[in-house]
Amino acid sequence: MASEKVWMITGAGRGMGVDIAKAALAAGHKVIATGRNIDKVAKALGESANLLIAKLDINESSDAEAAVKAAVVKFGNIDVLVNNAASFYAGYFEELTMEEIALQISTSLFGPMRVTRAVLPIMRKQRSGNIMTISSTAGLMGYTFCSAYSASKFGIEGWMESLQTEVEQFGINTTIVNPGFFRTELLTEESTNYAGLEIEDYSEGRKQQMQFWKGANGQQSGDPAKLAKALIKIAAQEIPPRRFIAGVDAIGTAEAVITVLQQQTDAYRELSSFLDYD
């Protein structure tokens, strides 16, 4: 691909999406910045000849198709898709309703799938492209109060890894991004929803968890602007990495997961090694 690329970014009206869009524009790229509220996107990013703002609710396939069509009309192609938009339904599994879990999966897993499905025909036609999807350390390890969120992110992991094997024949690359704790807007009231049910047995733990998650908002150590610049560097590589572990805390989590998996493998290696037919 040429050094100047066309980026399509979801959730570009606030949080990390704004930082990614700004970094791409600053690097001389063209950007399709999308969001449910285009006025908010416009206010966050201002005006630029290299910027197209498009309405996109990732829960609506028709929005994704319309945004992609507008992008191609404006810029001719799409080189990089960043699936960034997400939400957070926090709570103990028993206290989360199936409706809340479904909303989490719809936004954080099916949402990126809808947008990617709309973009793939363009990338296949041009025989190039890079699909970046923002996962999480919660896609590597389960956390208390994050059962629905982790389910969506573990789903992202399996989908993206499988997708890579299917689209690499067309010159399309995929990158899973696993950020640690970054100071985005994910933990704000606009993005975080807490379980509606309350079960007495979980009361004390719930109180502690609520204090932790609400207290963590605005205190995360990761700088989203630096992460955005890192993604620009990654996308400039001829072959982008299949996975980018983002942040010192994320590196620690990944290494812990590797250690535990190795321990679990070794613990039952002998029993597991004799399960084939004689």
Side-chain angles (χ1 to χ4, degrees), residues 9-12 14-20 58 81-93 96 100-116 131-164 174-188 190-195 209 212-228 230-231 234 240-258 260-261:
I9 304 163
T10 67
R14 59 195 180 91
M16 192 184 299
V18 174
D19 291 303
I20 297 171
I58 61 173
L81 167 64
V82 182
N83 287 310
N84 165 72
S87 64
F88 180 29
Y89 280 81
Y92 290 109
F93 172 70
L96 286 163
E100 289 168 332
I101 294 171
L103 287 169
Q104 178 73 85
I105 300 296
S106 180
T107 300
S108 297
L109 176 57
F110 293 164
M113 286 181 169
R114 292 184 189 96
V115 180
T116 301
I131 299 167
M132 286 187 177
T133 299
I134 308 299
S135 181
S136 168
T137 52
L140 302 174
M141 174 186 290
Y143 295 102
T144 303
F145 231 54
C146 297
S147 55
Y149 184 71
S150 281
S152 71
K153 293 303 186 180
F154 269 80
I156 286 288
E157 304 281 320
W159 164 58
M160 284 288 287
E161 288 190 3
S162 298
L163 181 64
Q164 174 62 43
T174 66
T175 301
I176 300 170
V177 182
N178 297 100
F181 251 26
F182 278 80
R183 202 169 298 178
T184 68
E185 296 186 26
L186 183 65
L187 297 183
T188 63
E190 189 172 352
S191 294
T192 297
N193 301 274
Y194 291 98
Q209 288 293 323
F212 170 78
W213 290 104
K214 290 185 176 183
N217 183 40
Q219 303 301 314
Q220 304 95 318
S221 61
D223 183 344
K226 290 182 178 179
L227 174 54
L231 297 185
I234 285 173
R242 299 285 185 258
R243 181 183 301 278
F244 177 50
I245 305 295
V248 174
D249 57 336
I251 291 173
T253 297
E255 291 176 338
V257 169
I258 291 168
V260 170
L261 280 174

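- Evaluated for a side-chain contact (heavy atoms from CB on, under 4.5 Å) with F244, the options I176, L227, N178 yield exactly one hit, L227.
- Here CE of M16 is found 10.0 Å from CG of D223. Values are rounded to the nearest 0.5 Å.
- In this structure, OH on Y194 lies 9.5 Å from CD on Q209, to the nearest 0.5 angstrom.
- Results of the side-chain contact (heavy atoms from CB on, under 4.5 Å) test with I245 over L140, V177, T253 single out L140 as the only residue that passes.
- Here the straight-line distance linking atom CZ of F93 with atom OG1 of T144 works out to 14.5 Å at 0.5 Å rounding.
- Taking every heavy atom of both residues into account, G17 and I9 meet most closely at O-CG2, 4.1 Å.
- Of the N and O atoms on the side chains of N83 and T116, at least one donor lies less than 3.5 Å from an acceptor on the other residue.
- In this structure a side-chain-to-backbone donor-acceptor pair under 3.5 Å is present from K153 to I134.
- In this structure, the side chain of T10 engages the main chain of N84 through a donor-acceptor pair within 3.5 Å.
- Between the side chain of S150 and the backbone N or O of A138 there is at least one donor-acceptor pair closer than 3.5 Å.
- Contact between T133 and M160 at its shortest, heavy atoms only, is OG1-SD, 3.2 Å.
- Minimum heavy-atom separation, A148 to Q104: O-CG, 3.5 Å.
- Residues passing the salt bridge (charged side-chain N to carboxylate O under 4.0 Å, His left out) test with E161, sequence neighbours excluded: R243.
- Contact detail for P179 and A250: the closest heavy-atom pair is C-CB, 4.2 Å.
- Nearest heavy atoms, E157 versus G139: CG-O, 3.3 Å.
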* **Trace of the side chain to side chain contact (heavy atoms under 4.5 Å, CB included) decision for I58 with R114** => CA-CA 7 Å; I58 61 173; R114 292 184 189 96; 5.7 Å; no
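- The two residues I234 and P241 come nearest to each other via the heavy atoms CG2-CD, 3.3 Å.
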* Applying side chain to side chain contact (heavy atoms under 4.5 Å, CB included), run through I101 and Y89 and close with a yes or a no. => CA-CA 7 Å; I101 294 171; Y89 280 81; over 6 Å; no
* Go through the steps for S108 and F88 under the test side chain to side chain contact (heavy atoms under 4.5 Å, CB included), then give the verdict. => CA-CA 8 Å; S108 297; F88 180 29; over 6 Å; no
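- In this structure, the side chain of S106 does not engage the main chain of A102 through any donor-acceptor pair within 3.5 Å.
- For Y92, the ring-ring contact (aromatic ring centres under 6.0 Å, His included) partners at least two apart in sequence or on another chain are F145, Y202.
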* To do: Could you please spell out the steps behind the side chain to side chain contact (heavy atoms under 4.5 Å, CB included) verdict for L96 and S147?
  => CA-CA 9 Å; L96 286 163; S147 55; 3.8 Å; yes
